[in-house]
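Reviewing the structure listed below.
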Amino acid sequence: MNQVIVGKIVNTHGIKGELKVKASTDFIEERFQKGATLYLEYQGQTIEMTVASHRFHKGHVLVTFENHRDINLVEKYKGCLLYACKDENLLDDDEYYVSDIIGCQVYNDGQLIGVVQDVQLYDHHDILVVKGKEKIMIPYVDAFIVDEDIENKRIDVHLIEGFL
């Protein structure tokens, strides 16, 4: 089963089992809707959890899970990552999961410059973190991206002078 990270539990909230989650998904409503299945990695085990409720509070998602509505049951999960199954139906054409982009080889005008190690997500655009001879941060925007072949793990860019 292919899974993607949808958030990280950063703290508890109140005493009724709410967990404060820093979401890392564009599909918050779908991933955290009541009845959705999420997976939590805890002490080397994967625990399947069913969302009982969610709401927003100060830039975070507050989520409760069925049968875990007590702070004493959820406090141990602080710092854990939350996963969901990949759902290609959530993506528009020419959209990819971050995990699909990581590992792509990046070519500048036909010359290999490195491999995508990470994608940093920002409000206006994302940044590709490319590791080659040195670390390069490339805005993931049309001005620099010439072609993407994610299935074959290749991204072609055209960088202006000063990037390398």
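Side chain to side chain, Y39 and E41 fail the donor-acceptor criterion of an N or O pair below 3.5 Å. For the 3.5 Å distance criterion, the side chains of T64 and S53 qualify, holding a donor opposite an acceptor. Side-chain contact check for Y140 and E148: at least one donor-acceptor pair (N or O, by modelled atom type) lies under 3.5 Å. A donor and an acceptor atom, one from each side chain of D109 and H158, are located under 3.5 Å apart.
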Requested in this report: Evaluate the side-chain contact (heavy atoms from CB on, under 4.5 Å) criterion for residues T12 and L19: first the C-alpha distance (whole Å), next the side-chain angles of each, then the deciding distance (0.1 Å), finally the verdict.
Outcome: CA-CA 4 Å; T12 58; L19 291 166; 4.0 Å; yes
Report task. Quick one: do V21 and V10 satisfy side-chain contact (heavy atoms from CB on, under 4.5 Å)? Show the steps, please. Result -> CA-CA 6 Å; V21 175; V10 294; over 6 Å; no
Requested in this report: Run the numbers on R55 and E18 for salt bridge (Lys or Arg N to Asp or Glu O under 4.0 Å), then give the verdict.
Outcome: CA-CA 10 Å; R55 64 188 177 103; E18 276 187 309; 2.8 Å; yes
**Report entry** side chain to side chain donor-acceptor pair (under 3.5 Å) between E75 and Y77, intermediate numbers included
**Finding:** CA-CA 5 Å; E75 194 168 27; Y77 298 137; over 6 Å; no
**Report entry** Steps toward side-chain contact (heavy atoms from CB on, under 4.5 Å) verdict (I155, L128)
**Finding:** CA-CA 10 Å; I155 298 174; L128 296 178; 4.3 Å; yes
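Between the K131 side chain and the D118 main chain, no donor and acceptor come within less than 3.5 Å of each other. Checked by atom type and distance alone, the side chain of D156 never pairs as donor or acceptor with a backbone atom of V146 at under 3.5 Å. Although no hydrogens or angles enter the test, the distance criterion places a donor-acceptor pair under 3.5 Å between the side chain of D70 and the main chain of N72. At distances below 3.5 Å, at least one donor-acceptor pair connects side-chain atoms of Y97 with backbone N or O atoms of D87.
Between H54 and F32, the ring planes are tilted. Angles from 30° to 60° get that label.
A distance of 4.0 Å separates NE2 in H68 from CE in M49, rounded to the nearest 0.5 Å. Atom CD1 of residue I71 and atom CD1 of residue I15 lie 7.5 Å apart, to the nearest 0.5 angstrom. Here I138 contributes atom CD1 and D126 contributes atom CG; the two are 13.0 Å apart, rounded to the nearest 0.5 Å. In this structure, K86 NZ and Q3 CD are separated by 10.5 Å, a value rounded to the nearest 0.5 Å. A distance of 5.0 Å separates CG of L81 from CD1 of I5, quoted to the nearest 0.5 Å. Rounding to the nearest 0.5 Å gives a distance of 5.0 Å between CD1 of I113 and CG of N108.
The minimum heavy-atom distance linking A36 with E30 is given by the pair CB-O, 4.1 Å. Residue I101 comes nearest to I150 through the heavy atom pair CG1-CD1, 4.3 Å, listed as atom of the first residue, atom of the second, then distance. Here the shortest heavy-atom pairing between L62 and K20 reads CD2-CA, 3.7 Å. In this structure, L82 and F65 approach most closely via the heavy-atom pair CD2-CZ, 4.1 Å. When every heavy atom of L73 is checked against every heavy atom of N67, the shortest pair comes out as CD1-O, 3.8 Å.
A heavy-atom distance below 4.5 Å is found between the side chains of L38 and V51. Residues Y83 and V4 form no side-chain contact, since every pair of their non-hydrogen atoms from C-beta on lies 4.5 Å or further apart.
More than 12 heavy atoms of other shown residues, nucleotides or ligands fall within 6.0 angstrom of atom NZ in K153. Atom NZ of K34 sits in a sparse spot, with 12 or fewer heavy atoms from other residues, nucleotides or ligands closer than 6.0 Å.
Between R154 and D147 there is no salt bridge, since none of the side-chain N atoms of the basic residue sits less than 4.0 Å from a carboxylate O of the acidic one.
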